Amino acid sequence: MKYYAGEYEVSVIGAGHAGIEAALAAARLGCKTAVFTINMDAVGNCPCNPSIGGTAKGHLVREIDALGGEMGKTADECFLQSRMLNKGKGPAVHSLRVQIDREKYKSTMKYKLEKQHNLDLRQAEIVAVSKTDDGIWELRSRMNAIYRTKTVIIATGTYLSSKIYVGEVSFESGPDGIFPASFLGESLKELGLRLRRFKTGTPARVLKSTIDFSQLEVQKGDDSIVPFSRMTKDIGKNQVVCHIGYTNEKTKEIIIKNIDRSPLYAGKIEGKGPRYCPSIEDKIVRFKDKERHQFFVEPCGLNTDEMYIQGLSSSLPEDVQIQFYHTLPGFGNALIMRPAYAIEYDCVDPLQMNSTLEFSEFPGLYGAGQFNGSSGYEEAAAQGLVAGINAALKVKGELPMKLDRSTSYIGTLIDDLVTKGVSDPYRMMTSRSEYRLVLRQDNADERLTPIGRRVGLISDDAWEKFKIRENAKKEELRRIRELVISPSAEVNDIIVSRETSPIVSGIRMIDLLKRPQITYECLAPIDKTRPDLDPTVFEQVEVELKYEGYIKKQLAQIEEMKRLEVKKLPVDVDYSQIIGLRLEAIEKLNLVKPENIGQASRISGVSPADISVLLIWLARQSRKEEVNG
């Protein structure tokens, strides 16, 4: 017997990384919000690696924080070890990554949901989604409870019709033995959503006391620790070390010998796996000539001896896993606490959504996270934040928040999903952004905090700190423009030691810092008026000075892109009626329904010639409207 269990303005299905950000954002923007989870113990779970951030992913976390999201703050609260990746490369690809205490992260996020005003955290499996004649969405739980809601955000992660594979054994399950969402997928298909099947996997967990760490390389954290969130005052010190090891010929031999027992190669797994995070058997088959593969041994928390073996995800049978793990240096007596597994799940074709993450044909219905075909905690949280903000803005009758490729990695991620679609789980990488020198992690707050403030997620305290930081940067730029460094033996010794030419007359400090070899740090002994500022202010100033020419070039490209973005395309146009478009372009344009010319130009299969046809057609439409008007 069905019963009505409540009414909400925003309802979120799933309480993983996407669902958490969506629910918190909607509730903080004043909407009566509910977030539903199959199991309360799975809220904020990190079923794969116990870390937040990484290459490009660190950018996303910084951007989430700049907009008023929660992931960065919680990662800071739960961090065990911090490392800035790619420091040997240019600043555009510097990315923060932290090991976190997995259980603490879960409990911290759950508590934040519980304490949030306007938000109900409920354990319920939502099995059906439908829209009533009065335009209200209805959610039905497995207990036959009916929830009426103005908007819905689907953030099911890898739980939707999910199935676990370990060799010849397979069974319906979500990550970590949690029940899957077995019925919701059929309801979404009946609604009219196009679903597809993807696959991902995770490595085994090994008991710490059974590993001989003397045979592994030590990987320490950074001495100077930088937090994700600008609101974090004291992040503390590194508490753990990680380790690095390598597979060998014996490992390879065992895996090749048993490759026919892998469900991936036996044809049992239908789903498409992630291109950039393959299983160990996939690596060995694809890279036959490679003698060894790197793996990382990472602690899951301070109050557990489970160690996560990054880089060795597998769907091979448990007995084969035990065999090949025992070939690894330091793992001869290793006890596998949780075997590696592959998980197959349903997700949606993101081409059905627009840049607000709302489904074009289903107003009020949004998707976020791995449900949208992406992979990774950070990608999920970024989408959840955008979906939550836009669902709340829709309820409030306000204009949506749209982030384009020039503003952020989040904008790039969403544009890629809704414009290009995905054929395998999407992973954010710095190479995906054509504006990555402008979209650095150090200036995320400068780019996005004003947007977060305008939306309503940036508190007065955070806004004041942002303005103080921005003023400090402007004042520092003024200072180094006016400060003249006079030639002296001390000055020239420093300059020449950096392999650049000495000065023979006074030079402004700003011009000295523009030299590639010169840094704030090396000039510290002679910079007598240097203020006591957050080190990241100096970093940002120095980067912008050194890369000024490249940044100006990218800003010019952004202006050109914006010129195309303002040329809006009607949402109801039938592209088959536009003469001159190629058949492939007609098919892709009718499928995606781009919002503007810029987005249309990024659709695979739409050529520059097709864009020219669209521009001419738009000009004609504009002239017709002027005549008729």
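From a predicted model like this one, the values you see are computed outputs, not experimental measurements.
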Original post:
Are T419 and Q599 linked by a side-chain donor-acceptor pair shorter than 3.5 Å?
Top reply: yes

**OP:** Determine, for K73 against D65, whether the closest basic-nitrogen to carboxylate-oxygen distance falls under 4.0 angstrom.
**Re:** yes

**OP:** Identify whether the distance between the nearest side-chain nitrogen and carboxylate oxygen of R197 and D346 falls below 4.0 Å.
**Re:** yes

Subject >> Test salt bridge (Lys or Arg N to Asp or Glu O under 4.0 Å) applied to K283 - qualifying residues, sequence neighbours left out >> reply: none

Original post:
So with a 6.0 Å cut-off around CZ of F179, is the heavy-atom count from everything else above 12?
Top reply: no

Original post:
Who are the side chain to side chain donor-acceptor pair (under 3.5 Å) partners of R440, not counting sequence neighbours?
Top reply: D442

Subject >> D305: partners by salt bridge (Lys or Arg N to Asp or Glu O under 4.0 Å), with sequence neighbours left out >> reply: none

**OP:** Name all pairs fulfilling the salt bridge (Lys or Arg N to Asp or Glu O under 4.0 Å) condition that reach into residues 211-225, sequence neighbours left out, sorted by first residue then second.
**Re:** K87-D222

Original post:
Salt bridge check: are K110 and E114 linked by an N-O gap of less than 4.0 Å?
Top reply: yes

Original post:
So, are K112 and E77 salt-bridged, with charged N and O less than 4.0 Å apart?
Top reply: yes

**OP:** Return each pair, listed once, that meets side chain to side chain donor-acceptor pair (under 3.5 Å) where at least one residue sits in residues 321-332; pairs must be two or more places apart or across chains.
**Re:** T251-T327

Subject >> Donor on one side chain, acceptor on other, E125 and S182, under 3.5 Å >> reply: no

Subject >> Ring-face cation contact, Y426 with R432, 6.0 Å cut, 45° max >> reply: yes

Original post:
Is it true that R83 and E298 have a side-chain N and a carboxylate O under 4.0 angstrom from each other?
Top reply: no

Throw together a table of side-chain donor-acceptor distances under 3.5 angstrom for residues 331-345, partners on residues two or more places apart or in other chains.
residue: R338; atom: NE; partner: E306; partner atom: OE1; Å: 2.8
residue: R338; atom: NH1; partner: D176; partner atom: OD1; Å: 3.3
residue: R338; atom: NH2; partner: E306; partner atom: OE2; Å: 2.9
residue: E344; atom: OE1; partner: Y165; partner atom: OH; Å: 3.1
residue: E344; atom: OE2; partner: E270; partner atom: N; Å: 2.6
residue: E344; atom: OE2; partner: G271; partner atom: N; Å: 2.6

